[in-house]
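Presented below is the structure to which this report refers.
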Amino acid sequence: MVLSANFRITGYCSGSYNSGHARLKRREPRPPLLHFPARPSLPQAAAPPVEPRVLNTRIIDGTALSRRLRGELAARVQRLAARGIRPGLAAIEVGDHAASSVYVRNKIKACAEVGLHSAHVALPASTTEGDLLGRVAQLNADPAIHGILVQLPLPGHIAAARILEAVAPAKDVDCFHPENVGRLTAGEPRFVPCTPAGVLAILEAEGVNPWAKHAVVVGASSIVGKPLALLLLQRGATVTICNSKTPDLAAHTARAEILAVAVGRPKLVTGSMVKPGAAVIDVGISRLPDGKLAGDCDFQSLLGVAALATPVPGGVGPMTITMLLANTIRAAEVRAQ
């Protein structure tokens, strides 16, 4: 099955999976969602897997894909503008954290590219938890803001969980609020977490359908690993999650047809640990002693082994920001209904 290269982001499908449970009743109308192809029927007897021959590894250009998708998002913003609606994203940054400042600047720049209104709420490190909760409450009540993100990490004297829970679920475009996590788990997401959403968009653009494939996710964080594993499971994959306590990591990664690595340990996974023909998605990014950036995979050793692979930088990173924009636009579309 070949997926069209011109797919259009309108959100992500929650889907309904044959679990024998009744679907949850939708509590609010939602715009059309991104659809994977219809699921094929399970075969009565699966043929033994055939190891593909890989001559050239396809290197995924996440920057180019992100640029194309942002063009589609800009068209959605224009349609909202015709109705007098401009999606707005507020980014809260507390303290002087160099990496966080770069991330926030990139997000604000991306908002401008597609026509979103953005607000950068920069607060000193001395900000109290109560003051920060007050700013969140103000943004929750602001009709010009459709999405709120709290840039992590926060200073040590502030309980991050309490701040994230204070964000209105309908504006929680990072999908950190417990209500949104629960909806995601139940298969009825309001939003899909940005990095996992970016991974799914990459797989779809490359024609990789998770249905009936073995996916291995290395890393069990609440931001990437857990939600990504859940989303792949909901899309019909058999999923293995590995963490820092997993013995013989290579024994698991070598069986993966889809391998996603998100642990923040540079060059942890090498080509010898990868099944020939696998799709390898490298989510991690670290700065080496020489100042260069590296992913969680030894990229050069993947070439000639993986069927496709994401580089670092230029792979998943640009897609994460694009999915943040998509979630903000989706929030505006839902409110406009």
Side-chain angles (χ1 to χ4, degrees), residues 11-15 23-31 33-34 87-94 100 103-104 107 111 116 118-121 123 127 129-155 158-200 219-231 233-234 262 320-337:
Y12 285 89
C13 63
S14 58
R23 285 174 59 87
L24 291 176
K25 182 178 179 181
R26 291 178 178 167
R27 297 186 178 179
E28 59 183 58
R30 297 180 296 173
L33 303 176
L34 178 80
L89 174 67
I92 301 175
E93 181 184 5
V94 184
S100 292
Y103 294 149
V104 170
K107 292 167 184 176
C111 285
L116 267 67
S118 62
H120 181 192
V121 181
L123 302 173
T127 299
E129 185 174 291
D131 287 343
L132 181 53
L133 287 170
R135 296 304 294 268
V136 170
Q138 291 175 2
L139 293 171
N140 284 340
D142 189 344
I145 297 299
H146 300 86
I148 301 171
L149 71 89
V150 179
Q151 185 64 46
L152 302 176
L154 293 172
I158 297 176
R162 188 177 179 196
I163 302 302
L164 297 176
E165 290 178 13
V167 176
K171 295 188 177 186
D172 172 38
V173 288
D174 268 333
C175 196
F176 289 161
H177 193 283
E179 178 182 320
N180 288 333
V181 173
R183 291 177 63 123
L184 179 71
T185 302
E188 290 286 343
R190 176 182 279 115
F191 304 111
V192 175
C194 300
T195 299
V199 172
L200 293 181
S221 74
S222 297
I223 296 175
V224 181
K226 290 177 184 176
L228 178 56
L230 177 64
L231 290 162
L233 180 66
Q234 290 174 345
T320 295
I321 296 179
T322 297
M323 297 304 107
L324 175 67
L325 303 178
N327 281 349
T328 303
I329 295 168
R330 173 170 162 72
E333 291 169 338
V334 169
R335 192 199 294 178
Q337 288 183 337

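All heavy atoms count here, side chains included; hydrogens, waters and symmetry mates do not.
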Would a 4.5 Å heavy-atom cut-off, applied to side chains only, mark [X] and [Y] as touching?
X: Leu139; Y: Ile92; result: yes
X: Leu231; Y: Leu184; result: yes
X: Cys175; Y: Pro227; result: no
X: Gln151; Y: Leu149; result: yes
X: Ile148; Y: Val173; result: no
X: Val94; Y: Pro155; result: yes
X: Leu325; Y: Cys111; result: yes

Go through Glu179 and Arg190 one step at a time and tell me if the side-chain contact (heavy atoms from CB on, under 4.5 Å) criterion holds. CA-CA 9 Å; Glu179 178 182 320; Arg190 176 182 279 115; 3.2 Å; yes

Begin from the C-alpha positions of Ile163 and Glu129 and carry the test side-chain contact (heavy atoms from CB on, under 4.5 Å) through to its verdict. CA-CA 8 Å; Ile163 302 302; Glu129 185 174 291; 4.1 Å; yes

Does [X] use its side chain to pair, donor to acceptor, with the backbone of [Y] at less than 3.5 Å?
X: Arg183; Y: Glu188; result: yes
X: Asn140; Y: Ala168; result: yes
X: Arg135; Y: Leu123; result: no
X: Asn327; Y: Cys194; result: no
X: Lys107; Y: Ala91; result: no
X: Thr185; Y: Val181; result: yes

When rounded to the nearest 0.5 angstrom, what is the spacing between [atom1] in [X] and [atom2] in [Y]?
X: Thr195; Y: Leu200; atom1: OG1; atom2: CG; answer: 11.0 Å
X: Asp172; Y: Leu164; atom1: CG; atom2: CG; answer: 7.5 Å
X: Asp174; Y: Asn180; atom1: CG; atom2: CG; answer: 10.5 Å
X: Leu89; Y: Leu116; atom1: CG; atom2: CG; answer: 7.0 Å

Do other residues, nucleotides or ligands put more than 12 heavy atoms under 6.0 Å from the CZ atom of Phe176? yes

Just checking Arg335: does its CZ atom have more than 12 heavy atoms from other residues, nucleotides or ligands closer to it than 6.0 angstrom? yes

Using side-chain contact (heavy atoms from CB on, under 4.5 Å), reason through Lys171 and Ile145 one step at a time and then give a plain yes or no. CA-CA 8 Å; Lys171 295 188 177 186; Ile145 297 299; 4.2 Å; yes

Show, in sequence, the C-alpha distance, side-chain angles and deciding distance for His177 and Glu165, and conclude whether the side-chain hydrogen bond (donor to acceptor under 3.5 Å, both in side chains) test is met. CA-CA 5 Å; His177 193 283; Glu165 290 178 13; over 6 Å; no

Pair His120-Val104, side-chain contact (heavy atoms from CB on, under 4.5 Å): steps then yes or no: CA-CA 8 Å; His120 181 192; Val104 170; 3.5 Å; yes

What's the shortest heavy-atom distance between Gly198 and Met323, and which atoms? N-CG, 3.4 Å

Of all heavy-atom pairs linking Gly88 and Thr328, the shortest is O-CG2, 3.6 Å

